[in-house]
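Following: one structure in C-alpha coordinates, then a few remarks.
We name chains A, B, ... by the order of the sequence lines, and we start the count at 1 in each one.
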2 protein chains.
Amino acid sequence: MIEIGIVEDNVKIRNLIQRYLDMQETMSCKVAVDSVEEMLEHLENNSTPGVLLMDIQLPGMSGIEGIELIKKKYPEIEIIMLTIYHDSHKIFDSLVAGASGYLLKHTSLPEIKESIETLMDGGAPMSPQIARKVIQHFNKPEPQKNPESNLTSREQDIVNGLVDGLSYKLIADRFDISIDTVRAHIRNIYKKLHVNSKAEVIAKSLRGEI
Amino acid sequence: MIEIGIVEDNVKIRNLIQRYLDMQETMSCKVAVDSVEEMLEHLENNSTPGVLLMDIQLPGMSGIEGIELIKKKYPEIEIIMLTIYHDSHKIFDSLVAGASGYLLKHTSLPEIKESIETLMDGGAPMSPQIARKVIQHFNKPEPQKNPESNLTSREQDIVNGLVDGLSYKLIADRFDISIDTVRAHIRNIYKKLHVNSKAEVIAKSLRGEI
DNA sequence: AGACAAATAACATATTCATGTGAAGCCGAA
DNA sequence: TTCGGCTTCACATGAATATGTTATTTGTCT
(Lines give C-alpha, C1' and ligand atoms only; values in the text may rest on other atoms or scores of the structure.)
Protein backbone atom coordinates (compact mmCIF):
# COMPACT_ATOMS: atom_id res chain seq x y z
CA MET A 1 0.00 0.00 0.00
CA ILE A 2 1.48 3.32 -1.10
CA GLU A 3 0.74 6.28 1.10
CA ILE A 4 0.22 9.46 -0.88
CA GLY A 5 0.00 13.09 0.18
CA ILE A 6 -1.27 16.04 -1.81
CA VAL A 7 -0.31 19.71 -1.61
CA GLU A 8 -2.68 21.65 -3.81
CA ASP A 9 -4.64 24.79 -3.09
CA ASN A 10 -7.47 24.23 -5.56
CA VAL A 11 -10.00 22.41 -3.43
CA LYS A 12 -11.88 20.86 -6.31
CA ILE A 13 -8.81 19.38 -7.96
CA ARG A 14 -7.43 18.30 -4.61
CA ASN A 15 -10.55 16.44 -3.57
CA LEU A 16 -10.93 14.86 -6.96
CA ILE A 17 -7.42 13.47 -6.98
CA GLN A 18 -7.56 12.43 -3.36
CA ARG A 19 -10.79 10.51 -3.78
CA TYR A 20 -9.61 8.84 -6.95
CA LEU A 21 -6.28 7.72 -5.54
CA ASP A 22 -7.73 6.66 -2.20
CA MET A 23 -10.16 4.31 -3.89
CA GLN A 24 -7.32 2.44 -5.60
CA GLU A 25 -6.56 -0.97 -4.16
CA THR A 26 -2.87 -0.31 -3.72
CA MET A 27 -3.00 3.29 -2.66
CA SER A 28 -4.02 5.34 0.33
CA CYS A 29 -4.44 9.08 0.23
CA LYS A 30 -5.48 10.52 3.57
CA VAL A 31 -3.50 13.74 3.59
CA ALA A 32 -4.44 16.57 1.28
CA VAL A 33 -3.59 20.10 2.31
CA ASP A 34 -3.30 23.41 0.51
CA SER A 35 0.12 24.65 1.52
CA VAL A 36 3.65 23.45 2.15
CA GLU A 37 3.43 24.85 5.64
CA GLU A 38 0.49 22.63 6.50
CA MET A 39 2.18 19.60 5.01
CA LEU A 40 5.31 20.22 7.06
CA GLU A 41 3.22 20.49 10.18
CA HIS A 42 1.45 17.27 9.33
CA LEU A 43 4.70 15.44 8.68
CA GLU A 44 5.92 16.43 12.14
CA ASN A 45 3.23 14.42 13.86
CA ASN A 46 2.38 11.58 11.53
CA SER A 47 3.82 8.80 9.46
CA THR A 48 5.54 10.06 6.34
CA PRO A 49 3.91 9.24 3.01
CA GLY A 50 5.93 7.62 0.26
CA VAL A 51 4.86 10.02 -2.42
CA LEU A 52 3.79 13.67 -2.49
CA LEU A 53 1.93 15.32 -5.32
CA MET A 54 2.76 19.00 -5.20
CA ASP A 55 1.63 22.12 -6.96
CA ILE A 56 4.06 24.99 -7.60
CA GLN A 57 1.72 27.96 -7.23
CA LEU A 58 0.64 27.78 -3.61
CA PRO A 59 -0.38 30.17 -0.85
CA GLY A 60 2.68 31.00 1.23
CA MET A 61 5.78 29.10 0.32
CA SER A 62 6.10 28.02 -3.31
CA GLY A 63 6.13 24.36 -4.19
CA ILE A 64 9.74 24.58 -5.32
CA GLU A 65 10.89 25.97 -1.99
CA GLY A 66 8.74 23.28 -0.46
CA ILE A 67 10.59 20.50 -2.25
CA GLU A 68 13.89 21.60 -0.79
CA LEU A 69 12.58 21.83 2.75
CA ILE A 70 10.70 18.56 2.64
CA LYS A 71 13.53 16.70 0.93
CA LYS A 72 15.99 17.99 3.49
CA LYS A 73 13.95 16.68 6.43
CA TYR A 74 12.47 13.62 4.75
CA PRO A 75 14.79 12.51 1.93
CA GLU A 76 12.88 9.27 1.47
CA ILE A 77 9.72 11.02 0.29
CA GLU A 78 9.39 11.07 -3.50
CA ILE A 79 7.86 14.21 -4.90
CA ILE A 80 5.93 14.59 -8.14
CA MET A 81 5.16 18.07 -9.32
CA LEU A 82 1.65 18.61 -10.62
CA THR A 83 1.35 22.04 -12.12
CA ILE A 84 0.24 24.17 -15.03
CA TYR A 85 3.76 25.49 -15.63
CA HIS A 86 5.67 23.99 -18.49
CA ASP A 87 8.50 26.46 -18.84
CA SER A 88 12.02 25.10 -18.69
CA HIS A 89 12.91 27.27 -15.75
CA LYS A 90 10.25 25.88 -13.43
CA ILE A 91 10.92 22.34 -14.56
CA PHE A 92 14.62 22.74 -14.05
CA ASP A 93 14.28 24.35 -10.64
CA SER A 94 11.92 21.61 -9.50
CA LEU A 95 14.26 18.82 -10.52
CA VAL A 96 17.28 20.52 -9.00
CA ALA A 97 15.33 21.01 -5.78
CA GLY A 98 14.72 17.27 -5.68
CA ALA A 99 11.51 16.42 -7.50
CA SER A 100 11.39 12.94 -9.02
CA GLY A 101 8.68 13.60 -11.57
CA TYR A 102 6.88 16.42 -13.32
CA LEU A 103 3.31 16.27 -14.57
CA LEU A 104 1.07 18.92 -16.08
CA LYS A 105 -2.38 19.48 -14.67
CA HIS A 106 -4.16 18.25 -17.74
CA THR A 107 -2.89 14.78 -16.85
CA SER A 108 -5.82 12.42 -16.40
CA LEU A 109 -6.53 10.64 -13.12
CA PRO A 110 -5.55 7.21 -14.48
CA GLU A 111 -2.32 8.73 -15.81
CA ILE A 112 -1.58 10.19 -12.40
CA LYS A 113 -2.11 6.77 -10.90
CA GLU A 114 0.21 5.22 -13.48
CA SER A 115 2.79 7.91 -12.80
CA ILE A 116 2.84 7.00 -9.13
CA GLU A 117 3.30 3.37 -10.05
CA THR A 118 6.08 4.33 -12.45
CA LEU A 119 7.75 6.22 -9.65
CA MET A 120 7.55 3.31 -7.23
CA ASP A 121 9.03 1.23 -10.00
CA GLY A 122 12.16 3.37 -10.09
CA GLY A 123 11.15 5.55 -13.00
CA ALA A 124 10.64 9.28 -13.35
CA PRO A 125 7.14 10.15 -14.49
CA MET A 126 7.02 12.97 -16.98
CA SER A 127 5.45 13.54 -20.34
CA PRO A 128 7.66 13.28 -23.44
CA GLN A 129 7.22 17.02 -23.92
CA ILE A 130 8.60 17.67 -20.45
CA ALA A 131 11.38 15.18 -21.09
CA ARG A 132 12.27 17.09 -24.21
CA LYS A 133 12.70 20.29 -22.25
CA VAL A 134 14.78 18.49 -19.68
CA ILE A 135 17.25 17.11 -22.16
CA GLN A 136 17.51 20.44 -23.92
CA HIS A 137 19.31 21.59 -20.80
CA PHE A 138 22.03 19.10 -21.68
CA ASN A 139 22.58 20.32 -25.20
CA LYS A 140 22.52 24.05 -24.74
CA PRO A 141 25.62 24.81 -22.67
CA GLU A 142 27.77 25.54 -25.69
CA PRO A 143 28.00 29.32 -25.82
CA GLN A 144 30.95 30.71 -27.72
CA LYS A 145 34.27 29.01 -27.76
CA ASN A 146 36.85 31.48 -28.84
CA PRO A 147 37.61 30.26 -32.34
CA GLU A 148 40.81 32.26 -32.30
CA SER A 149 42.01 30.29 -29.31
CA ASN A 150 42.84 26.97 -30.86
CA LEU A 151 45.29 25.67 -28.36
CA THR A 152 47.52 22.79 -29.37
CA SER A 153 47.22 19.65 -27.33
CA ARG A 154 50.46 20.43 -25.57
CA GLU A 155 49.19 23.87 -24.71
CA GLN A 156 46.01 22.32 -23.41
CA ASP A 157 48.16 20.06 -21.22
CA ILE A 158 49.82 23.10 -19.76
CA VAL A 159 46.46 24.76 -19.16
CA ASN A 160 45.29 21.66 -17.32
CA GLY A 161 48.38 21.87 -15.17
CA LEU A 162 47.58 25.46 -14.31
CA VAL A 163 43.98 24.57 -13.50
CA ASP A 164 45.28 21.87 -11.18
CA GLY A 165 47.08 24.62 -9.31
CA LEU A 166 50.58 23.57 -10.29
CA SER A 167 53.59 25.87 -10.46
CA TYR A 168 55.70 26.08 -13.61
CA LYS A 169 58.20 23.78 -11.95
CA LEU A 170 55.61 21.12 -11.21
CA ILE A 171 54.14 21.35 -14.68
CA ALA A 172 57.62 20.88 -16.10
CA ASP A 173 58.03 17.80 -13.91
CA ARG A 174 54.63 16.42 -14.86
CA PHE A 175 55.42 16.49 -18.55
CA ASP A 176 59.12 15.94 -18.18
CA ILE A 177 60.17 19.12 -19.96
CA SER A 178 62.21 22.09 -18.82
CA ILE A 179 60.70 24.99 -16.97
CA ASP A 180 61.74 27.28 -19.78
CA THR A 181 59.66 25.25 -22.16
CA VAL A 182 56.71 25.66 -19.87
CA ARG A 183 57.34 29.37 -19.93
CA ALA A 184 57.46 29.33 -23.72
CA HIS A 185 54.15 27.48 -23.96
CA ILE A 186 52.52 29.79 -21.48
CA ARG A 187 53.68 32.78 -23.47
CA ASN A 188 51.97 31.35 -26.52
CA ILE A 189 48.84 30.50 -24.57
CA TYR A 190 48.64 34.06 -23.26
CA LYS A 191 48.95 35.40 -26.79
CA LYS A 192 46.23 33.14 -28.12
CA LEU A 193 43.84 33.85 -25.27
CA HIS A 194 44.71 37.54 -25.01
CA VAL A 195 45.45 37.34 -21.32
CA ASN A 196 48.49 37.92 -19.20
CA SER A 197 48.22 35.93 -16.02
CA LYS A 198 47.70 32.40 -14.78
CA ALA A 199 44.58 33.56 -13.05
CA GLU A 200 42.85 34.53 -16.28
CA VAL A 201 43.76 31.28 -17.98
CA ILE A 202 42.35 29.25 -15.10
CA ALA A 203 39.18 31.30 -15.03
CA LYS A 204 38.66 30.99 -18.78
CA SER A 205 39.30 27.29 -18.68
CA LEU A 206 36.90 26.60 -15.84
CA ARG A 207 34.26 28.72 -17.51
CA GLY A 208 34.56 26.52 -20.58
CA GLU A 209 35.83 29.35 -22.74
CA ILE A 210 38.77 27.39 -24.00
CA MET B 1 5.71 10.48 -44.41
CA ILE B 2 8.62 10.31 -41.99
CA GLU B 3 11.90 9.14 -43.44
CA ILE B 4 13.87 7.01 -41.01
CA GLY B 5 17.45 5.77 -41.09
CA ILE B 6 19.00 3.02 -39.00
CA VAL B 7 22.60 2.59 -37.84
CA GLU B 8 22.90 -0.83 -36.23
CA ASP B 9 25.46 -3.53 -36.77
CA ASN B 10 23.32 -6.50 -35.78
CA VAL B 11 21.84 -7.54 -39.12
CA LYS B 12 18.86 -9.40 -37.66
CA ILE B 13 17.74 -6.56 -35.46
CA ARG B 14 18.41 -4.05 -38.19
CA ASN B 15 16.34 -5.87 -40.77
CA LEU B 16 13.55 -6.53 -38.34
CA ILE B 17 13.19 -2.88 -37.38
CA GLN B 18 13.60 -1.69 -40.92
CA ARG B 19 10.90 -3.98 -42.27
CA TYR B 20 8.53 -3.14 -39.45
CA LEU B 21 8.92 0.61 -39.77
CA ASP B 22 8.86 0.58 -43.54
CA MET B 23 5.50 -1.18 -43.59
CA GLN B 24 3.92 1.60 -41.52
CA GLU B 25 1.62 3.91 -43.43
CA THR B 26 3.30 7.07 -42.26
CA MET B 27 6.89 5.91 -42.28
CA SER B 28 9.56 5.06 -44.77
CA CYS B 29 12.76 3.28 -43.85
CA LYS B 30 15.01 2.69 -46.81
CA VAL B 31 18.40 3.28 -45.24
CA ALA B 32 19.81 0.80 -42.78
CA VAL B 33 23.58 0.54 -42.43
CA ASP B 34 25.91 -0.88 -39.83
CA SER B 35 28.29 1.98 -39.15
CA VAL B 36 28.35 5.72 -38.71
CA GLU B 37 30.87 5.95 -41.53
CA GLU B 38 28.46 4.35 -43.97
CA MET B 39 25.63 6.56 -42.85
CA LEU B 40 27.73 9.68 -43.32
CA GLU B 41 28.61 8.54 -46.80
CA HIS B 42 24.98 7.91 -47.56
CA LEU B 43 23.93 11.31 -46.27
CA GLU B 44 26.44 12.94 -48.62
CA ASN B 45 24.60 11.72 -51.69
CA ASN B 46 20.97 11.41 -50.70
CA SER B 47 18.08 13.17 -49.07
CA THR B 48 18.46 13.45 -45.31
CA PRO B 49 16.07 11.40 -43.19
CA GLY B 50 14.09 13.07 -40.43
CA VAL B 51 14.97 10.53 -37.79
CA LEU B 52 17.91 8.23 -37.17
CA LEU B 53 17.86 5.22 -34.89
CA MET B 54 21.40 4.63 -33.73
CA ASP B 55 23.25 2.03 -31.72
CA ILE B 56 26.17 2.96 -29.48
CA GLN B 57 28.36 -0.09 -29.87
CA LEU B 58 29.30 -0.04 -33.55
CA PRO B 59 32.19 -1.12 -35.75
CA GLY B 60 34.51 1.84 -36.23
CA MET B 61 33.26 5.09 -34.78
CA SER B 62 31.00 4.81 -31.73
CA GLY B 63 27.43 5.95 -31.92
CA ILE B 64 28.11 8.80 -29.52
CA GLU B 65 30.90 10.18 -31.66
CA GLY B 66 28.53 9.66 -34.57
CA ILE B 67 25.84 11.86 -33.02
CA GLU B 68 28.21 14.78 -32.82
CA LEU B 69 29.41 14.45 -36.38
CA ILE B 70 25.97 13.95 -37.85
CA LYS B 71 24.38 16.70 -35.78
CA LYS B 72 27.13 19.10 -36.82
CA LYS B 73 26.55 18.53 -40.53
CA TYR B 74 22.79 17.90 -40.41
CA PRO B 75 21.37 19.62 -37.33
CA GLU B 76 17.81 18.98 -38.48
CA ILE B 77 18.12 15.22 -38.12
CA GLU B 78 16.66 13.92 -34.87
CA ILE B 79 18.54 11.04 -33.35
CA ILE B 80 17.17 8.33 -31.09
CA MET B 81 19.66 6.05 -29.40
CA LEU B 82 18.73 2.38 -29.40
CA THR B 83 21.16 0.46 -27.25
CA ILE B 84 21.69 -2.06 -24.53
CA TYR B 85 23.55 0.42 -22.32
CA HIS B 86 21.62 1.94 -19.48
CA ASP B 87 24.43 3.47 -17.47
CA SER B 88 24.18 7.15 -16.66
CA HIS B 89 27.43 7.92 -18.37
CA LYS B 90 26.38 6.66 -21.79
CA ILE B 91 22.97 8.27 -21.47
CA PHE B 92 24.45 11.56 -20.44
CA ASP B 93 27.08 11.55 -23.18
CA SER B 94 24.47 10.75 -25.80
CA LEU B 95 22.20 13.58 -24.76
CA VAL B 96 25.04 16.07 -24.55
CA ALA B 97 26.18 14.99 -28.00
CA GLY B 98 22.75 15.84 -29.32
CA ALA B 99 20.47 12.80 -29.11
CA SER B 100 16.78 13.56 -28.72
CA GLY B 101 15.71 10.23 -27.30
CA TYR B 102 17.11 7.14 -25.65
CA LEU B 103 15.60 3.67 -25.89
CA LEU B 104 16.81 0.32 -24.67
CA LYS B 105 16.96 -2.60 -27.06
CA HIS B 106 14.27 -4.56 -25.31
CA THR B 107 11.83 -1.93 -26.57
CA SER B 108 9.13 -3.56 -28.69
CA LEU B 109 8.59 -2.65 -32.32
CA PRO B 110 5.27 -0.89 -31.67
CA GLU B 111 6.96 1.08 -28.89
CA ILE B 112 9.72 2.10 -31.26
CA LYS B 113 7.12 3.27 -33.71
CA GLU B 114 5.36 5.23 -30.96
CA SER B 115 8.67 6.73 -29.91
CA ILE B 116 9.25 8.08 -33.37
CA GLU B 117 5.78 9.58 -33.34
CA THR B 118 6.46 11.08 -29.94
CA LEU B 119 9.63 12.61 -31.30
CA MET B 120 7.87 14.16 -34.31
CA ASP B 121 5.37 15.50 -31.84
CA GLY B 122 8.04 17.47 -30.02
CA GLY B 123 8.62 15.01 -27.23
CA ALA B 124 11.69 13.10 -26.12
CA PRO B 125 11.14 9.35 -26.18
CA MET B 126 12.72 7.56 -23.26
CA SER B 127 11.56 5.08 -20.68
CA PRO B 128 10.74 6.33 -17.19
CA GLN B 129 13.80 4.45 -15.94
CA ILE B 130 16.01 6.35 -18.33
CA ALA B 131 14.27 9.58 -17.40
CA ARG B 132 15.05 8.84 -13.78
CA LYS B 133 18.74 8.59 -14.51
CA VAL B 134 18.62 11.78 -16.52
CA ILE B 135 17.09 13.83 -13.76
CA GLN B 136 19.49 12.40 -11.22
CA HIS B 137 22.11 14.42 -13.01
CA PHE B 138 20.26 17.53 -11.90
CA ASN B 139 20.18 16.67 -8.23
CA LYS B 140 23.69 15.47 -7.65
CA PRO B 141 25.92 18.44 -8.43
CA GLU B 142 26.07 19.63 -4.84
CA PRO B 143 29.15 17.92 -3.46
CA GLN B 144 30.53 19.41 -0.32
CA LYS B 145 30.78 23.06 0.39
CA ASN B 146 33.61 23.39 2.81
CA PRO B 147 31.77 24.28 5.99
CA GLU B 148 35.07 25.34 7.50
CA SER B 149 35.49 27.93 4.79
CA ASN B 150 33.06 30.57 5.89
CA LEU B 151 34.58 33.56 4.22
CA THR B 152 33.55 36.98 5.40
CA SER B 153 31.92 39.21 2.85
CA ARG B 154 35.09 41.22 2.50
CA GLU B 155 37.04 38.06 1.88
CA GLN B 156 34.48 37.04 -0.70
CA ASP B 157 35.00 40.41 -2.36
CA ILE B 158 38.69 39.69 -2.62
CA VAL B 159 38.01 36.23 -4.02
CA ASN B 160 35.80 37.77 -6.66
CA GLY B 161 38.62 40.09 -7.55
CA LEU B 162 40.95 37.17 -7.99
CA VAL B 163 38.40 35.32 -10.12
CA ASP B 164 38.13 38.40 -12.29
CA GLY B 165 41.85 38.05 -12.91
CA LEU B 166 42.91 41.14 -11.02
CA SER B 167 46.32 41.66 -9.44
CA TYR B 168 46.62 42.61 -5.78
CA LYS B 169 47.16 46.17 -6.87
CA LEU B 170 43.97 46.26 -8.92
CA ILE B 171 41.97 44.62 -6.17
CA ALA B 172 43.26 47.25 -3.77
CA ASP B 173 42.14 49.94 -6.21
CA ARG B 174 38.73 48.37 -6.73
CA PHE B 175 37.95 48.40 -3.03
CA ASP B 176 39.97 51.46 -2.25
CA ILE B 177 42.20 49.78 0.32
CA SER B 178 45.94 49.32 0.49
CA ILE B 179 47.72 46.48 -1.19
CA ASP B 180 48.92 45.27 2.18
CA THR B 181 45.37 44.91 3.32
CA VAL B 182 44.67 42.82 0.27
CA ARG B 183 47.64 40.69 1.21
CA ALA B 184 46.31 40.31 4.74
CA HIS B 185 42.90 39.20 3.51
CA ILE B 186 44.42 36.76 1.07
CA ARG B 187 46.52 35.28 3.82
CA ASN B 188 43.36 34.63 5.82
CA ILE B 189 41.54 33.25 2.80
CA TYR B 190 44.40 30.82 2.15
CA LYS B 191 44.25 29.65 5.74
CA LYS B 192 40.51 29.09 5.64
CA LEU B 193 40.58 27.27 2.33
CA HIS B 194 43.80 25.38 3.02
CA VAL B 195 45.47 26.53 -0.17
CA ASN B 196 48.49 28.60 -0.99
CA SER B 197 48.08 30.19 -4.36
CA LYS B 198 45.74 32.42 -6.31
CA ALA B 199 45.26 29.63 -8.78
CA GLU B 200 43.71 27.30 -6.23
CA VAL B 201 41.38 29.94 -4.90
CA ILE B 202 40.13 30.74 -8.38
CA ALA B 203 39.70 27.07 -9.21
CA LYS B 204 37.79 26.40 -5.99
CA SER B 205 35.59 29.38 -6.50
CA LEU B 206 34.68 28.54 -10.08
CA ARG B 207 33.99 24.96 -9.10
CA GLY B 208 31.50 26.22 -6.56
CA GLU B 209 33.48 24.92 -3.62
CA ILE B 210 33.43 28.20 -1.77
C1' DA C 1 63.23 22.15 -51.33
C1' DG C 2 61.41 25.89 -48.78
C1' DA C 3 57.87 27.82 -45.69
C1' DC C 4 55.82 27.29 -41.40
C1' DA C 5 53.73 25.75 -37.12
C1' DA C 6 54.84 23.30 -32.92
C1' DA C 7 57.76 21.77 -29.24
C1' DT C 8 61.85 22.22 -27.09
C1' DA C 9 65.36 25.08 -24.51
C1' DA C 10 68.37 28.94 -22.44
C1' DC C 11 69.29 33.52 -20.44
C1' DA C 12 67.78 37.82 -18.52
C1' DT C 13 64.95 41.05 -15.84
C1' DA C 14 61.05 43.47 -13.86
C1' DT C 15 56.85 42.55 -11.58
C1' DT C 16 53.86 40.04 -8.72
C1' DC C 17 52.97 36.75 -5.24
C1' DA C 18 53.40 34.11 -0.80
C1' DT C 19 54.56 34.48 3.73
C1' DG C 20 56.53 36.15 8.31
C1' DT C 21 55.95 39.62 11.81
C1' DG C 22 53.67 43.25 14.08
C1' DA C 23 49.92 46.44 15.16
C1' DA C 24 45.72 49.69 15.56
C1' DG C 25 40.62 50.45 15.53
C1' DC C 26 36.00 48.47 15.77
C1' DC C 27 32.40 45.53 17.34
C1' DG C 28 29.86 41.88 19.34
C1' DA C 29 29.84 37.94 22.57
C1' DA C 30 31.03 36.09 26.95
C1' DT D 1 35.05 44.72 30.34
C1' DT D 2 37.96 41.52 28.34
C1' DC D 3 38.41 38.49 24.51
C1' DG D 4 38.32 37.30 19.90
C1' DG D 5 37.25 38.02 15.07
C1' DC D 6 37.25 41.39 11.21
C1' DT D 7 39.32 45.09 8.78
C1' DT D 8 42.78 47.95 8.12
C1' DC D 9 47.88 48.96 7.33
C1' DA D 10 53.28 48.54 7.17
C1' DC D 11 57.91 46.48 6.27
C1' DA D 12 60.53 42.75 4.56
C1' DT D 13 62.20 38.80 1.74
C1' DG D 14 62.51 34.69 -1.06
C1' DA D 15 59.77 32.35 -4.59
C1' DA D 16 57.08 32.44 -8.65
C1' DT D 17 55.48 34.67 -12.62
C1' DA D 18 55.42 37.66 -16.92
C1' DT D 19 57.89 39.07 -20.72
C1' DG D 20 61.78 39.86 -24.14
C1' DT D 21 65.09 37.70 -27.17
C1' DT D 22 67.08 33.96 -29.51
C1' DA D 23 67.67 29.25 -31.33
C1' DT D 24 67.38 24.02 -32.56
C1' DT D 25 64.60 20.26 -34.05
C1' DT D 26 60.77 17.99 -36.15
C1' DG D 27 56.89 17.27 -38.96
C1' DT D 28 53.56 18.99 -42.38
C1' DC D 29 51.99 21.33 -46.40
C1' DT D 30 53.00 23.06 -50.86
Side-chain angles (χ1 to χ4, degrees), chain A residues 144-210, chain B residues 37 61 65 69 72-73 144-210:
Chain A
Q144 67 322 327
K145 281 191 181 175
N146 228 335
E148 189 54 47
S149 68
N150 283 319
L151 299 190
T152 67
S153 68
R154 196 49 148 181
E155 286 166 351
Q156 189 60 59
D157 287 342
I158 307 286
V159 170
N160 291 337
L162 294 178
V163 171
D164 290 343
L166 305 181
S167 67
Y168 290 7
K169 175 84 185 71
L170 287 175
I171 292 174
D173 289 350
R174 173 188 283 195
F175 299 113
D176 207 30
I177 55 181
S178 95
I179 194 171
D180 277 306
T181 303
V182 175
R183 275 193 241 275
H185 283 305
I186 284 181
R187 246 191 295 265
N188 293 330
I189 292 167
Y190 285 6
K191 272 196 189 68
K192 288 187 181 179
L193 300 183
H194 306 297
V195 301
N196 59 332
S197 73
K198 272 172 72 164
E200 291 168 275
V201 173
I202 293 167
K204 266 186 191 288
S205 176
L206 288 172
R207 289 190 179 114
E209 294 172 18
I210 297 182
Chain B
E37 288 83 348
M61 188 186 309
E65 298 171 271
L69 274 178
K72 193 182 293 178
K73 287 202 73 168
Q144 68 316 330
K145 281 195 180 173
N146 229 334
E148 189 54 48
S149 68
N150 284 318
L151 300 189
T152 67
S153 68
R154 196 50 148 181
E155 286 165 349
Q156 190 60 59
D157 287 342
I158 306 285
V159 169
N160 292 336
L162 294 178
V163 171
D164 289 343
L166 304 181
S167 66
Y168 289 7
K169 175 86 185 70
L170 288 176
I171 293 174
D173 288 350
R174 174 188 282 194
F175 299 114
D176 207 29
I177 56 181
S178 96
I179 194 171
D180 276 306
T181 302
V182 175
R183 275 194 240 275
H185 283 305
I186 284 181
R187 246 191 295 264
N188 293 329
I189 292 167
Y190 285 6
K191 272 197 188 67
K192 287 186 181 179
L193 300 183
H194 306 298
V195 301
N196 58 333
S197 72
K198 273 171 70 164
E200 292 168 275
V201 173
I202 293 167
K204 265 185 191 287
S205 176
L206 287 172
R207 289 190 180 114
E209 293 173 19
I210 297 183

Rounded interatomic separation in angstrom, taking [atom1] from [X] and [atom2] from [N]:
X: B/Leu170; N: C/dT15; atom1: CG; atom2: C1'; value: 13 Å
X: B/Asp173; N: D/dC9; atom1: CG; atom2: P; value: 12 Å
X: A/Ile189; N: C/dA7; atom1: CD1; atom2: P; value: 10 Å
X: B/His194; N: C/dA18; atom1: NE2; atom2: P; value: 17 Å
X: B/Lys169; N: C/dC17; atom1: NZ; atom2: P; value: 11 Å

message: For the residue pair B/Ser153 / B/Gln156, report whether a side-chain donor-acceptor contact shorter than 3.5 Å exists.
response: no
Would you say a side-chain N or O of [X] is under 4.0 Å from OP1 or OP2 of [N]?
X: B/His185; N: D/dT8; value: yes
X: A/Ser178; N: C/dA10; value: yes
X: B/Ser197; N: C/dC17; value: no
X: B/Ser167; N: C/dT15; value: no
X: B/Tyr190; N: C/dT19; value: no

5' precedence on DNA chain D between B/Ser153 and A/Ile186 (nearest-nucleotide basis): B/Ser153
- prompt: Relative to the 5' end of DNA chain D, which residue comes earlier, B/Asp176 or B/Arg183, by the nucleotide with the nearest heavy atom?
  reply: B/Asp176
field: B/Arg174 with B/Asp157: basic N within carboxylate O range, under 4.0 Å
entry: no
- prompt: Has the side chain of B/Asp180 got a donor or acceptor atom sitting under 3.5 Å from an opposite partner on the base of D/dC11?
  reply: yes
So [X], base contact, sugar-phosphate only, or nothing? Heavy-atom distance under 4.0 Å.
X: B/Asn196; value: sugar-phosphate
X: B/Arg187; value: base
X: A/Thr181; value: base

- prompt: Which heavy atom in B/Tyr190 sits nearest to a heavy atom in B/Val201, and how many Å separate them?
  reply: CE1-CG2, 3.5 Å
message: If you compare all heavy atoms of A/Gly165 against all heavy atoms of B/Ala199, which two are closest, and at what distance to 0.1 Å?
response: CA-CB, 4.2 Å
- line: When B/Lys198 and B/Lys191 are each assigned the nearest nucleotide of DNA chain C, the 5'-most assignment goes to B/Lys198
message: Among residues at least two apart in sequence or on other chains, which ones pass salt bridge (charged side-chain N to carboxylate O under 4.0 Å, His left out) with A/Glu155?
response: A/Lys192
